[in-house]
There are 4 protein chains.
Amino acid sequence: MTQTEQPAQRPSRNGKGTSSKYEQILQSAGQLFLQQGYERTSMSQIAQLAGVSKGSLYNHFENKADLFTAFFEECSRTRLNTLKSVSQAPQPDLRTALEQAAATIISLMIDPEAIGLYRIVVAEANEFPNLADTLWHYGVSRTLTGLSEWFAEKHAAGQLIIKDIDLAAEQFLTMCQTRIIHRSRLSLPVDTSQASIDGVASMVADSFLRMYAP
Amino acid sequence: MTQTEQPAQRPSRNGKGTSSKYEQILQSAGQLFLQQGYERTSMSQIAQLAGVSKGSLYNHFENKADLFTAFFEECSRTRLNTLKSVSQAPQPDLRTALEQAAATIISLMIDPEAIGLYRIVVAEANEFPNLADTLWHYGVSRTLTGLSEWFAEKHAAGQLIIKDIDLAAEQFLTMCQTRIIHRSRLSLPVDTSQASIDGVASMVADSFLRMYAP
Amino acid sequence: MTQTEQPAQRPSRNGKGTSSKYEQILQSAGQLFLQQGYERTSMSQIAQLAGVSKGSLYNHFENKADLFTAFFEECSRTRLNTLKSVSQAPQPDLRTALEQAAATIISLMIDPEAIGLYRIVVAEANEFPNLADTLWHYGVSRTLTGLSEWFAEKHAAGQLIIKDIDLAAEQFLTMCQTRIIHRSRLSLPVDTSQASIDGVASMVADSFLRMYAP
Amino acid sequence: MTQTEQPAQRPSRNGKGTSSKYEQILQSAGQLFLQQGYERTSMSQIAQLAGVSKGSLYNHFENKADLFTAFFEECSRTRLNTLKSVSQAPQPDLRTALEQAAATIISLMIDPEAIGLYRIVVAEANEFPNLADTLWHYGVSRTLTGLSEWFAEKHAAGQLIIKDIDLAAEQFLTMCQTRIIHRSRLSLPVDTSQASIDGVASMVADSFLRMYAP
DNA sequence: AATGAATGAGAATTCATTCAT
DNA sequence: CATGAATGAATTCTCATTCAT
């Protein structure tokens with residue numbers, strides 16, 4: 001009912017080249033947790049989807065909470081990795097680069113898995129406090145750092161004038177959440193077409209430039 | 001197998017000053033739902049906290065889901081009402097007015113109950129789709145409308161130049177969520193002191209003016 | 001859970017000419033008991049169908065068992081009365097008279113209410129042992145007596161030669177249950193058209209005459 | 001709300017001579033269902049009588065209805081099997097053979113288990129419509145077929161003259177129910193001594209011969 | 001490691017009955 | 001008499017976890 005913190009021993013993947021039962025379970029658990037949330041997902045369901053026995057679950061994970069955190073960490077590491085790459089592609093035009101960065105962020109964050117992860121963290125914030133840490137660590141922090149470094153360069157180059165660079169990065173990220181991401185997280189009807197994303201991205205880039213252009 | 005008969009009656013509050021058992025239940029349910037979420041809260045817990053028998057719950061509400069939505073609507077109507085009043089107080093200085101509005105919004109949205117409501121909506125978005133509608137209706141919509149009207153006035157008065165007023169209102173509201181609200185929703189450590197709130201509010205006002213001042 | 005035997009005081013119907021609430025309840029209870037059986041029928045259902053409060057039920061009947069037996073007795077008295085009239089209509093031809101009596105019996109016994117009563121008696125034979133007495137008394141006994149008297153007359157008149165008249169009556173009644181009644185009681189598909197009934201009735205008359213005609 | 005997963009497995013009886021837990025449950029369930037009927041029998045009672053936990057019941061059967069039908073089918077197959085053997089023993093004298101067949105049928109059908117099965121089918125005819133099919137298939141059909149074949153032989157041999165053989169078989173079976181079976185099904189006081197059974201059987205044989213002897 | 005039957009605590013819900021008004 | 005909220009025991013069913021094989 002409450003989570004236990006000991007990370008289950010992670011057996012090295014067996015050398016036979018087949019994805020180990022460990023990962024099979026993790027993958028099935030993830031699918032269900034993301035769809036249904038922690039409480040509504042039962043160990044039986046996971047076992048069935050993974051094609052293993054209920055008992056096997058407990059050979060690999062101490063209990064449901066352990067399996068859950070294992071999934072979450074794996075998922076955060078794997079799925080949120082792409083966010084790091086934001087703003088890697090050099091663009092001659094700053095406005096275009098900002099717009100493109102915003103569009104990328106929005107697209108990544110309305111991905112069903114990202115939405116699912118966000119939901120699960122918010123839902124279980126009290127029961128599993130370190131979920132948020134993990135999400136922040138793998139998801140938000142990296143992006144913010146990436147943006148900060150980028151903005152610092154532009155500041156040094158005189159293309160932007162920013163006093164608090166970290167805050168500016170946070171602002172940029174926050175503004176990206178206008179309308180589309182915000183409504184997606186609530187499962188409210190929302191236009192997620194590329195055109196719609198580009199519209200918000202354009203607005204973000206414009207606003208950001210008004211705020212920080214020389 | 002057999003049909004259920006008694007439609008849950010919503011008795012008008014008795015005038016004797018004592019909150020009726022109906023509201024007693026609703027209040028207890030709310031407390032638990034906000035703390036623990038829907039799934040983790042059991043009807044037994046609610047009955048116990050409300051000081052009534054488990055059976056009594058079903059004299060007033062058809063089932064757990066019904067009790068939950070009843071709580072949520074009541075709560076949305078009552079608790080989120082205050083958001084309407086944002087920006088009602090006239091201020092000679094536009095910057096100060098914006099800053100104050102932002103500070104008010106931030107304060108209201110990091111209230112534990114508001115955070116709890118947000119969490120529950122995000123968590124149960126799939127199971128109870130109309131929760132988000134209710135939250136949006138009572139919480140977000142009103143605030144946006146209020147801001148839009150205000151900005152329209154300022155636009156008409158030449159103090160702001162805004163093309164898409166509704167989008168501007170959304171931007172303003174989104175920017176208010178930078179750092180403090182965002183982290184609060186994830187139960188991450190965050191400085192919620194007045195000074196911290198004012199800091200973000202000031203940043204929001206500044207940015208907004210840079211974006212839309214003539 | 002087990003029945004209590006005290007018959008509830010039967011208030012004389014109120015003189016206002018309107019069917020009393022007592023009978024209103026009895027009628028609704030009957031409808032539900034016959035459809036669903038004793039266990040599956042709840043006091044709430046009865047109250048709702050009768051349009052009275054649950055509490056009212058207990059003003060008129062001591063408990064569920066009492067209400068049930070009251071219904072059953074009333075029902076047996078009222079509904080099974082018609083069986084008495086079997087073989088009242090004089091017929092010049094004995095064969096025709098027998099056939100007609102058999103057809104009447106079959107028709108009466110496949111009536112949904114008769115089937116319902118039979119079912120309920122069989123189902124609750126252990127829990128309410130005197131149901132069977134009542135059914136026998138009001139339903140079977142009368143018919144048997146009627147048949148016995150009739151056969152006795154015919155025996156005296158030399159049209160039939162019967163040693164054990166009571167047994168003959170029972171035989172006649174039993175034979176009437178061939179196929180149609182038997183299958184109806186089990187809700188098995190069965191042809192209940194008049195032609196089908198007449199076919200069995202004819203067979204019964206024939207057989208009976210072979211058995212007892214001089 | 002969530003789907004159920006484990007289809008109840010029907011394990012083959014383990015060969016160790018001890019009845020498996022599956023059958024242990026089935027046997028206990030049967031005992032209670034036959035005594036008390038479906039509705040009055042609770043899963044807790046069954047678990048207790050079988051000496052297993054409540055949860056175990058659901059490892060073997062999907063739900064109460066599934067356990068019930070499983071019991072019923074098993075029971076019908078096992079218990080009603082003996083009815084098939086009616087009239088297998090050759091008898092030089094037709095009258096004696098008929099009498100003996102009737103006596104056998106009566107004895108089998110007033111067996112407490114047969115009575116219990118009949119009661120349960122009649123009681124649950126609406127809720128479990130295929131109970132009657134099962135009972136008819138395993139119980140009645142076989143007997144009728146057996147009788148029909150026998151009568152056909154006798155007809156071919158000129159010992160009986162029967163136009164509608166199937167109807168004759170039904171008549172024979174119906175007549176066997178006179179008095180003893182009929183009253184037993186209602187739990188009415190009845191003389192079930194061998195003498196009494198022989199009396200009815202004799203009457204049935206006599207009547208049948210009058211109806212169909214050359 | 002793998003299995004899957006077994007468990008017992010606890011979940012939601014129903015229901016006959018009572019009782020103050 | 002009539003009402004309907006209140007009750008608490010009982011019911012069906014779920015679920016995380018254990019353990020012998």
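In this text the structure is predicted, and so the values were computed from the model without any measurement. Letters go in sequence order (proteins before strands), and every chain restarts at 1.
Distance, B:N63 CG to F:dT12 C1': 16 Å, rounded to whole Å. The CD-P distance, from B:Q45 to E:dA9, rounds to 18 Å in whole Å. For the pair B:E39 CD and E:dA12 C1', the interatomic distance rounds to 11 Å; values are reported in whole Å. Whole-Å rounding puts the A:F61 CZ to F:dT18 P distance at 16 Å. We find that CG of D:D66 is positioned 10 Å from P of F:dC13, with the value rounded to whole Å. In this structure, the CD atom of B:E62 is 12 Å from the C1' atom of E:dT13, given to the nearest Å. Summarising the geometry, the separation between NZ on B:K54 and P on F:dT11 is reported as 13 Å, rounded to the nearest angstrom. Per the geometry, OH belonging to A:Y22 stands 18 Å off C1' belonging to E:dA2, to the nearest Å.
Checking F:dT12, E:dA2, E:dA6 against the side-chain heavy atoms of D:M43 singles out F:dT12 as nearest. Residue D:V52 places its side chain closer to E:dT7 than to any other of E:dT7, F:dT11, F:dA6. For D:K64, the listed nucleotide lying nearest its side chain is F:dC13; candidates were F:dT17, F:dC13, E:dT3. Ranking F:dA2, F:dA10, E:dA2 by closeness to the A:S53 side chain, first place goes to E:dA2.
Ring orientation note: the planes of D:F128 and D:Y38 are nearly perpendicular, at an angle over 60° on the 30°/60° scale.
Both B:L57 and D:T41 lie close to DNA chain F; mapped to their nearest nucleotides by heavy-atom distance, the more 5′-ward contact belongs to B:L57. Residue order along DNA chain E, read from the 5' end via each residue's closest nucleotide, puts D:I25 first among B:S44 and D:I25.
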What pairs of nitrogen or oxygen atoms, one from the protein and one from nucleotides 19-21 of chain F, lie under 3.5 Å apart?
none

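When all heavy atoms of A:S187 and B:N126 are compared, the closest pair comes out as OG-OD1, 4.0 Å.
Taking NZ of C:K21 as the start and OG of C:S53 as the end, the distance is 7.5 Å to the nearest 0.5 Å.
Partners of C:T134 by side chain to side chain donor-acceptor pair (under 3.5 Å), not counting sequence neighbours: none found. Judged as a side chain to side chain donor-acceptor pair (under 3.5 Å), and not counting sequence neighbours, the contacts of A:Y118 are B:Y118. Every side chain to side chain contact (heavy atoms under 4.5 Å, CB included) that C:A29 has, sequence neighbours left out, goes to C:F33, C:I46, C:L67. D:E113 pairs by the side chain to side chain contact (heavy atoms under 4.5 Å, CB included) definition with D:L34, D:R79, D:D111, not counting sequence neighbours.
Looking at B:Q45 and B:Q36, their side chains do bring a donor and an acceptor atom within 3.5 Å of each other.
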Quiz item: Please walk me through it: do C:F68 and C:T41 pass side chain to side chain contact (heavy atoms under 4.5 Å, CB included)?
Solution: CA-CA 10 Å; C:F68 178 58; C:T41 298; over 6 Å; no
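The base of F:dA6 lies close enough to the side chain of B:N59 for a donor and an acceptor atom to sit less than 3.5 Å apart.
You'll find the side chain of A:E74 stays beyond 4.5 Å of the side chain of A:Q27, heavy atoms only.
Checking the phosphate oxygens (OP1, OP2) of F:dG4, no side-chain nitrogen or oxygen of B:H60 falls inside 4.0 Å.
Heavy atoms of C:S56 sit under 4.0 angstrom from at least one base atom.
Axis deviation across the helix from E:dA2-F:dT21 to E:dT21-F:dA2 amounts to 10°, comparing end segments of five pairs, rounded to 10 degrees.
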